[in-house]
Amino acid sequence: MFSNKLSDLDDFLAPAQDCVVQLQQDKDMVENKASLKIELESDWRDPDEGSDVRPDLIKKNQKNVAKISLTDCLACSGCVTTAETMLIQQHSIDKVEELLKNVDKEPCVVSVSQQSLYSLCALYETEPKLLFKVINKVLGTFGVSKVYDFSLSTQFILNESYNEFLERYKNSEKYQKVKECLEILKSKPGKEEGKTTPEREEELKSMKKMLTKQPSTPVLCSECPGWVCYAEKVVGDVSIPFMSEIKSPQQIQGNLIKTQANRKLFQADPDQEAPEKVVHICVMPCYDKKLEAVRPAGVINNINDIADEKLGVEVDAVIATHELADLFQKRGIDIKQLLEEEKKEESKIIQNFEKDICELDREITESPFYSGYVQKQSSNGYSEYIFIRAAKELYGVDLTSDDLAYKQVRNKDFQEVVLEVMGLPVMKFALAYGFRNIQNIVRNIKRKKSVYDYVEIMACPGGCLNGGGQIKPKDLGLTPIELLHNLIEIQKQSLELIDLENVPGMISLYHDIDSEQVKEMIKTEFTPIKTEASVANLKW
Amino acid sequence: MAQPQPRSLVEAATLEGHEERVWSLSWHPEHQCLATCSSDQTVKIWNYENDQFVNQFTLKDGHTKSIRSVDWNPNGKTLASCSFDGTAALWNFEDGEFECVATLEGHENEVKCVSWSQDGKYMATCSRDKNIWIWDTNDSFEYECNSVLSGHTQDVKFVKFNSRYEMLFSCSYDDTIKAWKYDESFDDWVCAYTIEGHTSTVWSLDFDQSEKFLVSVGDDKSIKIFEIDESGAVLKSSTEGVHSRCIYSVSWGNSSNKIATCGGDNKIYLLDPTDMSNVTVEAQSPPGQGHSNDVNCVAMHPSSNTIASCSDDRTVKIWTF
């Protein structure tokens, strides 16, 4: 996340442009804007110190800021606008506590992201299934009705992202050229025996050159709200036409809970009155997910296309991974001890999202943590999933995750993978994590020199597993790269690779929900936000 | 004990031509040649011919706002400039002409300083957006972003590479100097340490020839010398009472081992840091003469006892000592 990159502001900064984390701790500053302003004005330098007199709010908080290291999300050090800060404040532990007090009237469902779960596994030194059971139990004692993971929503979104990619890629100029080239190559004799002619080699060479020069029209993944925020506010029209218009798993999970699962969960008895409203809380690896939850597309419309008070928003509150750990600590819950007890019990209370949104007669997948093709990716594996399926669908190439030969482009956070068919580079995908790599992607799009067909863009270096809201590497005595490696290992151990065509949840989604409604449900959109000309431009 | 009266710097030339304040200047690494930049949105190249500096080239149309800083690539062929228009530009000298070969976008607003690493591999820019960018350079001028360094809490005023420790130093309106180094465990540049001590904006810094020592100046009118290494900095001395107003720029001469400073009091001072713990004033621009407005930048000539300075009075001056 990096809302801090939006600092199109003067040298004299309001506190809201400072660290999000710190602001959440410093409640007085946010709760009362008026007092905040007074503080600002009164906090001038003491003239007796013999130096210039100017506001000094940032420095006052420097100790808090300094404890945020670079491994945290870039945005944590920075400058969300005041409005965004207020919004983030609404998605705090305090807000969650408030919602929990009200579960009798408005039942509460919690969704825990896989990245958060793995991060907590590192903290509590355990494995995901066991921890998920314990979290279920503990949140149950807090009054939470259901605790889910994101497996199904993630697969649903990956599938829709793949469909979107296919449509855009097939309409691209590059794909037309690739098809023509492949036709020509296929018609040339001698190829079947592995033989080739100098003439054909020459032709292949010129085709390669032509395809390499062909600017691509990349699909830019838009799951990362930090990137979305930056794209809308800073990059604007350069990136927005290329951005994927599919919602993220966080949002779609909320939508499914409120539109599909709600009735089944809380209205088992048809005579019973349905709850006024179901509250959905997400535990996410990133603070910017809070911003995502309040985007306009997060309001659920009813069948008459009108925002429905009862349905509310897809996500009512988002807390970061470490905030959940803080909540446990605050309430004096010894997770490690509960894990020990759970080991002995071997209870089977694990919640299953599929079960709650499916028709009853469908067989439910045993493992709650599953994936179609991806086991080793930090950020849900958009690029990998789409690459594998598109290679099969468009070029008949069978690939598994292990077959993908990623090449590091500039640094560990910028990797590319190429599909070659008959010696031609037909499809090129990239993972670009962190601000520096996003910059290069954006600059190349601007200069019409983009070479990628799909870019999995994430604002955090290391991707979502290294999100700004995760347990800090230094709290675990690890370097960021070590921790990232450990988390990917945990993920690999716990994610079961399954054939998605047989996943009851997926079948159910496409069977029970009208295809037009699916389209409506998953769609989001982005608009460039124009910033007003800054007065500060007049200064030096 | 009465201080000996510092001698006067000799004003050797005044270079006129810029139409607005002159912000910064850079000596060519080999030739008797000076690049200057100004709010008039031009860069001027001054060549020393027949005992005088001649404005040989005026580089226009690279930027749309004030040009804040210029720096020669150590190869002597390429000049980088940066501007309040948020971009940096690369000017390549070929076939007797300068051509703007690239404009680097990325910063969100005013770029305050541009600086090359001594091996020419990297270029750094810093901005009011509080970030520092490190660019990977190459011969085709298709520079790519290597790193974006966030850490300063305010406007970053100045950046300079230190080749001895392979580090980048930056100074800021947040009153600090930060030392950045590539860290393998992050696969990125990270802040190695922060030097505190200045009580107001730090405007500029430079190193001695060994690059073991750093001198910094700022709004607090102090001239501080630190002994630096990869892990930290130790203050050797803080000299005050030289300039009567903000100090904007500092340059540590390689051959002379003297330090030149300039600032808002329109003056230029030459300091002797032979005894690091007791820096003395050796010479100054003659009182009542020299620049008639803020002096924005000083630069020691790489191999001779010559100083170049530029000012809000739109002139560039050459001094000898």
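Letters A, B, ... mirror the listed sequences (proteins, then strands); counts begin at 1.
Counting non-hydrogen atoms of other residues, nucleotides and ligands closer than 6.0 Å to CD of B/Glu19 gives a total of 12 or fewer. Counting non-hydrogen atoms of neighbouring residues, nucleotides and ligands closer than 6.0 angstrom, the CG atom of B/Asp139 reaches no more than 12 such neighbours. Counting non-hydrogen atoms of neighbouring residues, nucleotides and ligands closer than 6.0 angstrom, the NZ atom of A/Lys412 exceeds 12 such neighbours. Heavy-atom neighbours of B/Glu240 CD from other residues, nucleotides or ligands within 6.0 Å: above the threshold of 12. For A/Arg447, the CZ atom is densely surrounded, since the number of other residues' heavy atoms within 6.0 Å is greater than 12. Within 6.0 Å of CD in B/Glu166 there are 12 or fewer heavy atoms belonging to other residues, nucleotides or ligands.
The heavy-atom pair separating B/Ser185 from A/Ile481 by the smallest distance is O-CD1, 2.7 Å. For the pair A/Gln439 and B/Gly106, the tightest heavy-atom approach, listed with the atom from each and the gap, is OE1-CA, 4.4 Å. Of all heavy-atom pairs spanning A/Lys449 and B/Glu142, the tightest one is NZ-OE2, 2.9 Å. Between A/Asp413 and B/Asp187, the shortest heavy-atom contact is N-OD2, 4.5 Å.
The distance from the CG atom of A/Asn466 to the CZ atom of B/Phe186 is 9.0 Å, given to the nearest 0.5 Å. Distance check, rounded to the nearest 0.5 Å: OH of B/Tyr143 to CG of A/Asn440 gives 14.0 Å.
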So A/Val409 and B/Glu144, side chain to side chain contact (heavy atoms under 4.5 Å, CB included) or not? Walk me through it. CA-CA 11 Å; A/Val409 183; B/Glu144 299 245 356; over 6 Å; no
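Heavy atoms closer than 4.5 Å to chain B are found nowhere in A/Asn437, neither backbone nor side chain.
No donor-acceptor pair closer than 3.5 Å links the side chain of A/Arg436 to the backbone N or O of B/Ile134.
Between A/Arg443 and B/Leu104, some side-chain heavy-atom pair lies under the 4.5 Å cut-off.
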